[in-house]
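Below is one structure; the comments refer to it alone.
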Amino acid sequence: MRLSTIGCGYLGAVHAACMAELGHEMVGLDVDQAKVDKLSRGESPFHEPGFPELLRRNVESGRLRFTTDPAEITDAEIHFIGVGTPQMKGRYAADLSQVDAAVSTVLEHSRPRGERPVLIAGKSTVPVGTAEGIAERAAASGKDIAVVWNPEFLREGFAVKDTLHPDRIVYGLPEDRVRGTVIREILDECYAQLLEEQIPRLLTNYPTSELVKVAANSFLATKISFINAMAELCEATGGDVTKLAEAIGHDDRIGKKFLRAGIGFGGGCLPKDIRAFMARAGELGVDQTLTFLREVDAINLRRREGTVELAAGLFGGRLVGRKVAVLGAAFKPDSDDLRDSPALDIATRLWARGADVVITDPAAGDGLRRARPDLYVVDTVEQAVKNADLVMVLTEWKQFTELDPAELLPRVRGPRIIDGRNVLDPHRWHEAGWDYHGIGRGVSTW
Ligand code: UGA
């Protein structure tokens, strides 16, 4: 099929390349010339395992092109909308200006050829009610353009796998059954290979499809904040939250995933999605329904200051002049994404409290130097930990979880370690002579 993706950021670029991989002719449209040039050369603008190979292969085959010229999307049968919906400045609500602009572009440039409608397939995370509004705009355009909401559930670090082998596909369709069936058939054709794998495909209406996405992210955020609240209780009582999580996780109604206590969640999705969800609930007059998400957000943000306090506590409350090696800046491993990163936030707070902070990250270092020239960023763990009074693992990159405590010991000035992701073995670090501190993880004999 001939397809277009409007917006070639994380979501859009990966989606575009994956659709080309399935054999479709894909044009990726973006307003950022530099990004388009880079993608056109087959170079990834971000760190994502497996993506550079996929991108190069499909650009070279000629099935995947990137452009800033909207005239090139004219013949596409489906236009995927993959632009960002960031948090508005100073407000909780999502900024939909990029979605509105993308829809305007499609309505202006798309040229339906008569037999069946052209689709706008929304993948961006939007407040409930957005798809209906877009469908009204499409109907008013006088062109045969239909709207389907097809939320994306990919995780950074697993983006290619999550797009080519998702655990479910959701179609948000209009209530008109005849029209909805035609839309379903077109999208089924596009995803034929995925559907052959028996990936569950759920058909529903617009509001449900929009809610599915924010409900999923809110649930994940709640799970993390729940375990971080338990971590606070463990801190107050001498409990070990990692054992607690393991024990409750054996109950498969609860499950083990997303129960890793630590410095909390960040990134371009979970934090802004729960806030936009609360804002939307307020607009709908049901704000009370989601007040628990305020607490989820508060618990999460509290972890950051809590971790700074933990660090300060190791020096009698004063961080001035203490050399702190921060291992990790990205919001999670296998990503160079610094958006709302707890690691970076903690590093900044430590620096504001007077600590000499040295940061290293296997992928986010260059981006960090550009974004934050005020911070001291080095390339290697060895450089970061040299003469450190405190080492903090804040993003659980494999390179950090596999560190050898005995090998690191002679390099530091004070053998203190804060394991902000609870990924190190406390006993091993203890035995090697380190003063180990996890999050909600008292060192117990058991
Ligand atoms: C999240 C969702 O997991 C995806 O399903 C969704 O498609 C995506 O947002 C999106 O809306 O586009 P992502 O932002 O890539 O994906 O990151 P996650 O893997 O969800 O991690 C989010 C944060 O939670 C990270 O900072 C991570 O370190 C933290 N986390 C995760 C924990 O603190 N504890 C855990 O147990 C798990």
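Just follow the structure's listing: the first ligand is 1, and inside any ligand the first atom is 1.
Closer than 4.0 angstrom to ligand 1 sit non-hydrogen atoms from Glu152, Phe153, Leu154, Arg155, Glu156, Lys213, Asn217, Leu220, Ile224, Phe258, Leu259, Arg260, Gly264, Phe265, Gly266, Cys269, Leu270, Asp273, Phe331, Lys332, Arg421.
Residues Arg441 and Cys234 fail the side-chain proximity criterion, which asks for heavy atoms closer than 4.5 Å. Within the 4.5 Å cutoff, the side chain of Asp287 has no heavy atoms near those of the Met278 side chain.
Shown here are the ring-ring contact (aromatic ring centres under 6.0 Å, His included) partners of His47, two or more places apart in sequence or in another chain: Trp397.
Note: Phe46 and Phe51 meet the aromatic proximity criterion, with ring centroids under 6.0 Å apart. Between His430 and Tyr436, the gap from one ring centroid to the other reaches at least 6.0 Å.
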For side-chain contact (heavy atoms from CB on, under 4.5 Å), just list the numbers for Lys223 and Phe265, CA-CA rounded to whole Å, side-chain angles, deciding distance to a tenth of an Å, and then say yes or no. CA-CA 10 Å; Lys223 236 182 147 181; Phe265 60 80; over 6 Å; no

